[in-house]
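Notes follow once the structure below has been shown.
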Amino acid sequence: MTDRTAPSALQTGIVQLRDVTEAIRVRIRNPAKLRNLELFLLVIAWVIAGGAMVLVQLGALQRVDLFPLQLAAGLGILTLALHIALRIVAREADAIILPVATVLNGLGIAMIYRIDIAEGVTGWDAASMRQITWTGIALVVAIAAIVVVRNHRVLARYRFLAMAVAIILLVLPLVPGIGRTINGATVWIGIGSIVSLQPGELAKIALAIFFAGYLMTARDSLSVVGRKVLGIRFPRLRDLGPILIVWGMCMLVLVFQRDLGTSMLYFGLFLVMIYVATGRRSWMFIGVGLVALGGIAAYFVLGYVQRRIDAWIHAFDQSVYEAQGGSFQIVQGVFGMAHGGLLGTGLGLGRPDITPYANSDYIIPSLGEELGLAGIFAILGLYLILVSRGVRVGFQGPDDFTKLLAVGLAFAIGLQVFIVVGGVTRLIPLTGLTTPFLAAGGSSLLANWLIVALLLRLSDSVRGRGIA
């Protein structure tokens, strides 16, 4: 006798079809919501960036020049193109990363343009025009990366190629004929009289890929094996090889390229990634010890490191302030931020051009003078959002390579901001790193927009698996 309470095959099929239809509808609707939110935030970013340009012109020129605004509008079209590319090939990518990077880039262009006005530089000789051009190139490269890299896990296969590329990029500035030394640091390459790229900026991406790929395979031996000392498990001597090699590479950068900031960035990047991979505090102790050892040796051996430390500690001493390569720049930056106070002088109404390299190394004090402490907090808040979204992708990643790569790329931006802001506020010694997205520099823009593209691809992969 048939059980009348049991569902028929037809009813079961209808229920299953309804469930499948609902799942498809949810997967179609949710990505659309993400992209619509991204578009809404992009419009706000365009308004903030365009408004900053207009305020700069009104404050410094008392009129509005349409030419820079038209160029900025072109960049807005490119960010829209990147948004459209995400709708097609990465529909579930994070909706916050692109608008935050856009508004930071736009604020940087506005401040660089403001410095150009103060220095009387116009047309294509102006740093702001070069910055706009490089931003356009970087956005095109980011779009290409989003379209070409459909599966980021493929990058793990090329981890040793990434290591080779990173080494080549680091060595290029030392090659006679193309290497350039600017402000005592040999970190640039160029052809003829044209200084074009700082390859170390791109090397950090290659290093992040290599570190993620290497630590993915060596994680167990680095995290499990070893002896305990005072309750902390230290690795075997042979497992120390990778960190010693990276430390040695950073010391070579410090000695031969005279670039304190880049060496700090590379070593800090590896140290954080190995800690995330293993969870062992011993690596942090070893890393801090190596940093202290290298720092002390560099202070006594390298004269320019000693001058940086003296300028940091004794910035307001008259002899240090007036010395060649002394603390003049540091003090001027501090005075500029103090002049801005809480709310700033207003865009176009301050004197940030008094500080040397106000549009590059010292763009944070320039913004601090005209936007005030509140403006700097807002900018740092944007960086915090950007880094936290990348770290969030990493911790929700489905595999070790995704976790490590996302955390490494996000931390590279965060550490670079800390080193720059810490230097200009005298929290740490001043270095020559650029502020991501804000400071003038084509290679920095190119590298950081590539990081944005990779984070967007990683976030799409995580959400596509229903994890985020």
Side-chain angles (χ1 to χ4, degrees), residues 33-52 75-76 79 82-83 86 90 92-111 135 138-139 142 146 204-205 208 265 268-269 272 276 363-364 367-368 371-397 402-403 405-422 425 433-439 444-445 447-463 467-468:
K33 284 185 176 180
L34 286 173
R35 302 279 66 81
N36 292 339
L37 173 61
E38 181 181 73
L39 181 58
F40 172 72
L41 295 176
L42 265 180
V43 171
I44 296 177
W46 296 335
V47 171
I48 293 174
L75 297 181
T79 56
L82 179 53
H83 165 75
L86 292 174
E92 299 186 76
D94 190 279
I96 310 297
I97 293 175
L98 176 58
V100 170
T102 300
V103 72
L104 286 171
N105 202 161
L107 289 174
I109 291 173
M111 180 49 62
T135 301
L139 284 169
I146 285 290
K204 67 185 179 185
I205 301 177
L265 176 62
L269 174 63
V272 166
V276 171
I363 197 166
I364 287 292
L367 288 162
L371 296 180
L373 183 63
I376 291 298
F377 278 175
I379 291 172
L380 294 179
L382 290 173
Y383 279 119
L384 181 61
I385 292 171
L386 182 61
V387 173
S388 66
R389 300 303 289 189
V391 172
R392 178 175 181 266
V393 171
F395 280 101
Q396 294 177 334
T402 301
K403 293 176 184 290
L405 184 58
V407 171
L409 293 174
F411 183 78
I413 293 178
L415 180 59
Q416 193 160 341
V417 172
F418 170 77
I419 291 174
V420 173
V421 176
T425 56
L433 287 179
T434 57
T435 314
F437 299 106
L438 288 177
S444 176
L445 277 175
N448 288 304
W449 273 109
L450 270 175
I451 289 177
V452 165
L454 289 173
L455 288 176
L456 289 170
R457 172 53 66 198
L458 291 166
S459 64
D460 177 66
S461 173
V462 171
R463 288 182 178 275
I467 297 172

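Residues: numbered from 1 along the sequence shown.
- Smallest separation of non-hydrogen atoms from Ala93 and Leu456: CB-O, 3.4 Å.
- Under 3.5 Å, the side chains of Lys204 and Gln416 contain a donor-acceptor pair of N or O atoms.
- At distances below 3.5 Å, at least one donor-acceptor pair connects side-chain atoms of Asn448 with backbone N or O atoms of Ser444.
- The shortest heavy-atom contact between Ala447 and Ile205 is O-CD1, 3.3 Å.
- Between Ile385 and Ile96 there is a side-chain heavy-atom pair separated by less than 4.5 Å.
- Going from atom NE2 of His83 over to atom CG of Leu41 covers 10.5 Å, rounded to the nearest 0.5 Å.
- The CG atom of Leu458 sits 6.5 Å away from atom CG of Leu454, with the distance rounded to the nearest 0.5 Å.
- Inspection of the Thr79 and Trp46 side chains reveals an N or O donor paired with an N or O acceptor under 3.5 Å.
- No side-chain heavy atom of Met111 sits less than 4.5 Å from a side-chain heavy atom of Leu438.
- Between atom OH of residue Tyr383 and atom CZ of residue Phe418 there is a gap of 15.0 Å, rounded to the nearest 0.5 Å.
- At least one donor-acceptor pair closer than 3.5 Å links the side chain of Ser459 to the backbone N or O of Asp94.
- Considering CG of Leu367 and CD1 of Ile363, their distance stands at 5.5 Å, rounded to 0.5 Å.
- Between Arg457 and Ala90, the closest heavy-atom pair is NH1-CB, 3.8 Å.
- Taking CG of Leu42 as the start and CG of Leu98 as the end, the distance is 4.5 Å to the nearest 0.5 Å.
- Applying side chain to side chain contact (heavy atoms under 4.5 Å, CB included) to Ile379 and the options Val417, Leu104, Val421 leaves one that passes, Leu104.
- Using a 4.5 Å cut-off on side-chain heavy atoms (C-beta onward), Leu386 and Phe437 make contact.
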